[in-house]
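All values below were derived from every heavy atom in this structure, side-chain atoms included, with hydrogens, water molecules and symmetry-related copies excluded. Lettering of chains follows the sequences in order, A, B, ..., and the numbering in each one begins at 1.
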There are 2 protein chains.
Amino acid sequence: MGSSSVESGTRGRTRRAILSAAAEVLARDRAATLADIARAAEIGRSTLHRYFPDRDVLLRAAVADAHLVIRQAVQDAAVDEGTPSEAVRRLATALVGTGDRLLFLYGDPRSLGEFDPGEDPDSVDRMVTGLIKRGQAEGVFDPTAAVEWLRDILWALVYAGCESARRGVLPRPGVADAVVRVLENGIRGQS
Amino acid sequence: MGSSSVESGTRGRTRRAILSAAAEVLARDRAATLADIARAAEIGRSTLHRYFPDRDVLLRAAVADAHLVIRQAVQDAAVDEGTPSEAVRRLATALVGTGDRLLFLYGDPRSLGEFDPGEDPDSVDRMVTGLIKRGQAEGVFDPTAAVEWLRDILWALVYAGCESARRGVLPRPGVADAVVRVLENGIRGQS
DNA sequence: CTGTTTCGGGACATCAATGTTCCATTTCTA
DNA sequence: TAGAAATGGAACATTGATGTCCCGAAACAG
């Protein structure tokens, strides 16, 4: 029958539903139960075990999935093109669009440093830091700050934007704008 | 003997050690075990149960303690005095100084909305948002942005600063400066 | 329509974290 | 130093999450 990458259609849909539900639930409570996740995915707990034998496998898959979605978003942002400012705007928009996946991945200790060996050595980070370095080289971003620090700021603000949107503090559209404005001008008035 | 608030000296010290260890451990792993916390506090697990009957009690106490420490820090920052910029600088410095407590409290779902009834209706938030409003009124902070959003940014950046310091991305002293610089100018170069 | 696949949910065993109790030992304190 | 307070650690019961198995029902594919 199908090679390993050919899902029966039903299986693929169910699998995606589980991974999506996992990100959604775990983003809000890292200690959530497998039963919680199954409920959110609207499937039976036994079905969940059918797809992911144990919790650890599910978590790794969820991390990998979130990572994949985010990497795709970053790639689509075409971070090498245009001015750094434009690129950052596209990047922020794309990242905000990944929603729960980002909240989940960013808030997971597993996401830092514990990638499956043999996997991509974090092309996401390369693309993001690449953009930042380019911006620094062009004098658009503070060249005296450490690249890692600026990267952390970017993630922190995107994260805050997603959270604030989730809580209704910010209107869904406009989150990216708000984040970019802070990145570019801080919180100051238009002095 | 002592009224309820008079700890025997030893008891007070042990209690503080537990709460401090709890914040430290839970800041890094919310699913940490009571045994982990006891180990970090360098006490026996049974001693921990002697001070905090069950996990829930400990968690509430840890949240209350962290909240107290942070409130004290905010108060010490005398946020009503001087220019908003000066006040924000003092505030950021004070918050960064609370370290693990802030990382723990900020990263805990319990910290949002689930305060013990009859407790202070969050004077911390009142002081912080008060400062932000003052800054907006004086045109120093963007008056078109929602107060809650600016507040969230402040916390997110302070949080990021603590995290980056913990990972060695930023030098311990200078974290507050870095945070304030971003708040005031964003990440741009000195144009 | 029929055989196959997938599903839901119950029953059950397992396991790790938790909470309790007890006692010998160490540490305070008067 | 002697009595009191606090501690650590072992032993044990409990509990909730987890993982496994199984079977009747529903969805799907040909």
Backbone N/O of Gly161(B) and side chain of Ser164(B): donor-acceptor pair under 3.5 Å: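 No; zero donor-acceptor contacts below 3.5 Å.
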Expected output: side-chain Thr14(B) to main-chain Thr10(B) donor-acceptor under 3.5 Å: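 Checking the backbone N and O of Thr10(B) against the side chain of Thr14(B), a donor-acceptor pair under 3.5 Å is found.
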Among dT6(C), dG8(C), dT29(C), the one nearest Tyr51(A) by side-chain distance: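 Selected nucleotide: dT6(C).
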Under 4.0 Å protein heavy-atom contact, by nucleotide of nucleotides 10-19 of chain C - B base, S sugar-phosphate only: -------SBB
Side-chain N or O of Thr47(A) closer than 4.0 Å to phosphate OP1/OP2 of dG8(C):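 For dG8(C), OP1 or OP2 has a side-chain N or O of Thr47(A) closer than 4.0 Å.
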dC7(C) OP1/OP2 closer than 4.0 Å to side-chain N/O of Thr14(A):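 Result: yes.
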Any residue of residues 16-24 of chain A with a heavy atom less than 4.0 Å from an atom of DNA chain D: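 When residues 16-24 of chain A is checked for heavy atoms under 4.0 Å from DNA chain D, there are no hits whatsoever.
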Does [X] pair with [Y] as a salt bridge, N-O distance under 4.0 Å?
{"X": "Arg126(B)", "Y": "Asp122(B)", "answer": "no"}
{"X": "Arg167(A)", "Y": "Asp152(B)", "answer": "yes"}
{"X": "Arg30(A)", "Y": "Asp29(B)", "answer": "no"}

Nearest-angstrom distance from the residue atom [atom1] of [X] to [atom2] of [N]:
{"X": "Arg39(A)", "N": "dA17(D)", "atom1": "CZ", "atom2": "C1'", "value": "13 Å"}
{"X": "Arg50(A)", "N": "dC22(D)", "atom1": "CZ", "atom2": "P", "value": "13 Å"}
{"X": "Arg13(B)", "N": "dT29(C)", "atom1": "CZ", "atom2": "C1'", "value": "13 Å"}
{"X": "Glu42(B)", "N": "dG9(D)", "atom1": "CD", "atom2": "P", "value": "12 Å"}
{"X": "Leu48(A)", "N": "dC7(C)", "atom1": "CG", "atom2": "P", "value": "11 Å"}

Geometric cation-pi criterion Arg28(B) and Phe104(B), 6.0 Å radius, 45° cone: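 No; the conditions do not both hold, so Arg28(B) does not lie above the ring face of Phe104(B).
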Stacked cation flag Arg11(B) on Tyr51(B), 6.0 angstrom / 45 deg: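 Relative to the ring axis of Tyr51(B), which defines the angle, Arg11(B) lies inside both limits.
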With Ala17(A) via side-chain contact (heavy atoms from CB on, under 4.5 Å) - residues at least two apart: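 Partners of Ala17(A) by the side-chain contact (heavy atoms from CB on, under 4.5 Å) criterion come out as none, since no residue qualifies.
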Crowding at CD, Glu42(B) (>12 non-hydrogen neighbours, <6.0 Å):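 For Glu42(B), atom CD is not crowded (no more than 12 foreign heavy atoms under 6.0 Å).
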